[in-house]
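Given the structure is predicted, the values throughout are model-derived calculations rather than measurements.
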Amino acid sequence: MKHRFISKRYWNLVPTAMSESGCRINQYEDIINLSLGDPDLNTDERIIDGAMKDAKLGHTHYTDFFGDPELREEILKYFKEDFDLNFEDDEVMVTTSGCHAMWLVLEAILDDGDEVIIHEPYFTPYPQQIELARGKPITLETYEDEEFQINVDRLEKLITNRTKAVIINTPNNPTGVCFSRKTMEDIAEVAIKHDLIVIADDIYTSFSYAEPFIPMVSLPGMKERTITIGSFSKNFVMTGWRIGYVMAPEYLIETIKNINENNVFTAPSVSQRAAIYALRLRKDICPPIIEEYKKRMMYAYERVCRIPNMSCLPPKGSIYLFVNIKNTGLSSEEVCDKLLKEAHILALPGNAFGKCGEGYIRLALTVNIDKLKEAFDRIEN
């Protein structure tokens, strides 16, 4: 919106497809919402009870600027126990969500005009997050016939003297792809060769169905040049608690902490207490969540394969299906409009995730199988 009282850098800012979907949710009484990645499952009661108990005991104040010491300790234990990775206390900071963590990281590392490579299709906010930090997003297209893996030859051709970082997201939103070990090792080799930072947006680590999740920071030579962003939103169905963290070398964490003092000061204390219980109970809480989403993914995949003019890759990870609708002869937005008006299904058009997302729609499997059956019956009809 252009207005003399609004900063000129926001004059051309437009809402994302995700926020626009929120405006359409009440369009029909019987709508089935497959647009946003907000799980229908509620946060485990043990997490809620623990957080509420701690709130009553006085955990309602500012925390340490780096985050609640107990939570930071639990994050370090998690990386050690699950990935055999050792970090120091000054290499972790708690943030107000993974999205907030991403902005803090970009604000800390980018000079005006620095370039950040993002693989497309990408998580919708990435380009604007980079631009908010005065950087320049550079897109690297990936393709279904290559299983949406990053082609490192094409990656290397995008690197210039202004390239500062590469953002990777695996398991991926929106495609559901999990990068292979070879892909990860190839990216690491390019990052080391060109002295780049890799920002690993590790939001769906629990949802790697085909093989165990591989942290970029675990690869040889990558700890000193990897910034890991974590979140409790998806792994623990805690989207509304808005809690995440950053793992990075000490000098970066110190810088991010100093930036955050002038932003939101500290992450919410009660949410941090909830995150402590989430990590302590993860081996009890996470497996049923993972199994539920795996069932949904396989059911939805089987249904997609039976519907004419729709197809997708076998599910590998995340909680999304990226459905190819090119044979319909319609655009992504036309298909989504048709689904909304004729089937009362709310989905996101693939071009919301970059140009090469055209010809696809993203389905977030955030409703139970009974609802999914109803949704796919409507789509099939």
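A donor-acceptor pair is defined here as one N or O able to donate and one able to accept, closer than 3.5 Å; such a pair exists between the side chain of W11 and the backbone of I6. Looking at D112, its side chain never comes within 3.5 Å of a backbone N or O of R134 through a donor-acceptor pair. In terms of modelled atom types and a separation under 3.5 Å, the side chain of H194 and the main chain of L196 share no donor-acceptor contact. Looking at T183, its side chain never comes within 3.5 Å of a backbone N or O of F179 through a donor-acceptor pair. Looking only at distances, no side-chain donor or acceptor of N169 sits under 3.5 Å from a matching main-chain atom of N172. N324 places no side-chain N or O within donor-acceptor distance of the main-chain N or O of Y360, the cut-off being under 3.5 Å. A donor-acceptor pair under 3.5 Å links the side-chain atoms of R296 to the main chain of L365, judged by distance alone. Side-chain atoms of E120 do not come within 3.5 Å of backbone N or O of F353 as any donor-acceptor pair. Between the side chain of Q149 and the main chain of C178, a donor-acceptor pair closer than 3.5 Å is present. Distance alone, capped at 3.5 Å, places no donor-acceptor pair between the K355 side chain and the E141 backbone.
Follow the hydrophobic side-chain contacts under 4.5 Å out from F65 and you never reach I256; the two are in separate clusters.
Around CZ of R306, the count of heavy atoms belonging to other residues, nucleotides or ligands within 6.0 Å exceeds 12. For E224, the CD atom is densely surrounded, since the number of other residues' heavy atoms within 6.0 Å is greater than 12. Open room surrounds CG on N161; 12 or fewer heavy atoms of other groups in view lie less than 6.0 Å from it. More than 12 heavy atoms of other residues, nucleotides or ligands sit less than 6.0 Å from atom CG of D284.
A 4.5 Å side-chain heavy-atom check between L363 and V323 finds at least one atom pair inside the cut-off. Under the 4.5 Å side-chain criterion, counting only non-hydrogen atoms from C-beta, P137 is in contact with E131. Residues I118 and I130 form a side-chain contact, since some pair of their non-hydrogen atoms from C-beta on lies under 4.5 Å apart. Using a 4.5 Å heavy-atom threshold, the side chains of L348 and S35 count as touching. When side chains are defined from C-beta on, Y251 does not count as touching D90, because their heavy atoms never get closer than 4.5 Å. C312 is not listed as a side-chain neighbour of F322, based on a closest heavy-atom distance of 4.5 Å or more. Counting heavy atoms from C-beta outward, I379 and I307 have side chains that approach closer than 4.5 Å.
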Stepwise salt bridge (charged side-chain N to carboxylate O under 4.0 Å, His left out) test for K371 and D40: CA-CA 11 Å; K371 276 287 185 185; D40 59 324; over 6 Å; no
message: Assess the residue pair E73 and K77 against the criterion (salt bridge (charged side-chain N to carboxylate O under 4.0 Å, His left out)); give the C-alpha distance rounded to whole Å, side-chain angles, the decisive distance to 0.1 Å, and a yes or no.
response: CA-CA 6 Å; E73 182 180 352; K77 285 182 182 178; 3.7 Å; yes
message: Let's go through Q272 and H59 carefully: what are the C-alpha distance in whole Å and the side-chain angles of both, what is the deciding distance for side-chain hydrogen bond (donor to acceptor under 3.5 Å, both in side chains) to 0.1 Å, and is it a yes or a no?
response: CA-CA 9 Å; Q272 293 191 59; H59 287 277; over 6 Å; no
task: Walk me through it: do K373 and D377 pass the test salt bridge (charged side-chain N to carboxylate O under 4.0 Å, His left out)?
output: CA-CA 6 Å; K373 182 180 184 305; D377 285 348; 3.0 Å; yes
task: Verify side-chain hydrogen bond (donor to acceptor under 3.5 Å, both in side chains) between D68 and T63, making sure each step is shown before the conclusion.
output: CA-CA 6 Å; D68 187 310; T63 67; over 6 Å; no
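Within the structure, salt bridge (Lys or Arg N to Asp or Glu O under 4.0 Å) contacts touching residues 307-336 (residues at least two apart or in different chains) do not occur.
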Could you tabulate the donor-acceptor pairs under 3.5 Å formed by side-chain atoms of residues 208-219, not counting sequence neighbours?
unit_1, atom_1, unit_2, atom_2, d
S208, OG, E211, O, 2.6
Y209, OH, S318, O, 2.7
S218, OG, P215, O, 2.6

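Between V237 and T43, the closest heavy-atom pair is O-OG1, 2.8 Å. When all heavy atoms are compared, the tightest approach of T366 to D38 is CB-O, 3.5 Å. Scanning both residues, I229 and G98, for their nearest heavy atoms gives CG2-O, 3.7 Å. Across all non-hydrogen atoms, the minimal contact from D202 to T170 is OD1-O, 4.2 Å.
Remark: R282 engages D82 in a salt bridge, criterion side-chain N to carboxylate O under 4.0 Å. A salt bridge links E74 and R280; the closest N-O separation between the charged side-chain nitrogens and carboxylate oxygens is under 4.0 Å. Note on D186 versus K182: salt bridge recorded, some NZ/NE/NH1/NH2 to OD/OE distance being below 4.0 Å.
In the model, T205 has a side-chain atom that pairs as donor or acceptor with a side-chain atom of N235 under 3.5 Å. Between the side chains of Y299 and R303, a donor-acceptor pair is found at a separation under 3.5 Å.
Partners of E189 according to the side-chain hydrogen bond (donor to acceptor under 3.5 Å, both in side chains) rule, which considers only residues two or more places apart in sequence or in another chain, do not exist here. Checked against side-chain hydrogen bond (donor to acceptor under 3.5 Å, both in side chains), K295 has no partners two or more places apart in sequence or in another chain. Residues meeting the side chain to side chain contact (heavy atoms under 4.5 Å, CB included) test with K164, sequence neighbours left out: I109, L110, D111, D114, I197. Scanning for ring pair (Phe, Tyr, Trp, His ring centres under 6.0 Å) contacts around Y143 gives an empty result, with sequence neighbours left out.
Relative ring orientation between Y126 and Y122 is described as tilted, the plane-to-plane angle lying within the 30° to 60° band. In this structure, H344 and Y28 have parallel ring planes: the angle between them is below the 30° cut-off, well short of the 60° mark.
Taking the six-membered ring where the residue is Trp, the centroids of Y204 and Y320 are separated by under 6.0 Å.
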